[in-house]
Amino acid sequence: MLSTGYRAQLTSAAPEEAAAGDVSAASETISGASVVAERIGGPVGTELWASAQSAFADAVSLTGFLTAALVLITAILVWIILRRDRSPQGTEE
């Protein structure tokens, strides 16, 4: 999920002046983006690196939010199931 989000964000936010191959290489990993941006240099490299950092931060935030939502939903479902199991099971008269 993190990789997919990062890749999508960087692909859409990369500078237009950057070559497609460079953007593709940078979208593999954040460390790869650092290497590519340093190799390109200049304003395009700086802009690519800033885009990569922003894309990574956004992807981490989205992944964290989705994970928290999944944990919350799971906790609610477990609570409902456990409450149902606590109902009286046969009363003797």
Side-chain angles (χ1 to χ4, degrees):
M1 194 173 1
L2 177 66
S3 296
T4 303
Y6 170 70
R7 203 169 281 124
Q9 289 276 344
L10 182 57
T11 302
S12 66
E16 292 177 11
E17 301 85 14
D22 289 336
V23 173
S24 177
S27 69
E28 291 300 316
T29 62
I30 188 72
S31 61
S34 173
V35 170
V36 171
E38 188 175 316
R39 181 177 49 77
I40 293 172
V44 175
T46 301
E47 190 176 344
L48 179 64
W49 177 236
S51 296
Q53 289 175 316
S54 178
F56 186 76
D58 290 347
V60 168
S61 294
L62 177 62
T63 302
F65 174 76
L66 292 176
T67 301
L70 182 62
V71 168
L72 179 62
I73 290 168
T74 302
I76 290 169
L77 289 174
V78 167
W79 181 74
I80 289 169
I81 291 169
L82 290 178
R83 259 188 113 213
R84 194 177 308 157
D85 286 347
R86 287 187 179 182
S87 61
Q89 296 184 1
T91 53
E92 293 188 32
E93 294 181 27

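Excluded from the calculations below are hydrogen atoms, water molecules and symmetry mates; all remaining heavy atoms, backbone and side chain alike, are included.
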Discussion item. Glu17: which residues meet the salt bridge (Lys or Arg N to Asp or Glu O under 4.0 Å) condition with it, sequence neighbours left out?
Written reply: none

Worksheet item: Taking ILVMFWY side chains as joined if any heavy atoms are under 4.5 angstrom apart, and letting links pass through other members, which residues group with Tyr6?
Response: Leu2, Leu10, Ile30, Val36, Ile40, Val44, Leu48, Trp49, Phe56, Val60

Discussion item. Working to the nearest 0.5 angstrom, can you tell me the gap between Leu72 CG and Leu77 CG?
Written reply: 9.5 Å

With a cut-off of 3.5 Å and sequence neighbours excluded, list every side-chain donor-acceptor pair involving residues 62-69.
residue : atom : partner : partner atom : Å
Thr63   : OG1  : Ala59   : O            : 2.8
Thr67   : OG1  : Thr63   : O            : 2.8

Worksheet item: Of all heavy-atom pairs between Ala33 and Ala26, which one has the smallest distance, and what is that distance?
Response: CB-O, 3.5 Å

Practice prompt. Using atom types as modelled and distance alone, determine if a side-chain donor or acceptor of Ser27 lies under 3.5 Å from a backbone N or O of Thr11.
Written response: no

Item to complete: Specify the closest pair of heavy atoms between Ala37 and Gly45, including all atoms of both residues, with the distance to one decimal.
Response: CB-O, 3.2 Å

Worksheet item: What do you reckon, is CD of Glu38 surrounded by more than 12 foreign heavy atoms closer than 6.0 Å?
Response: no

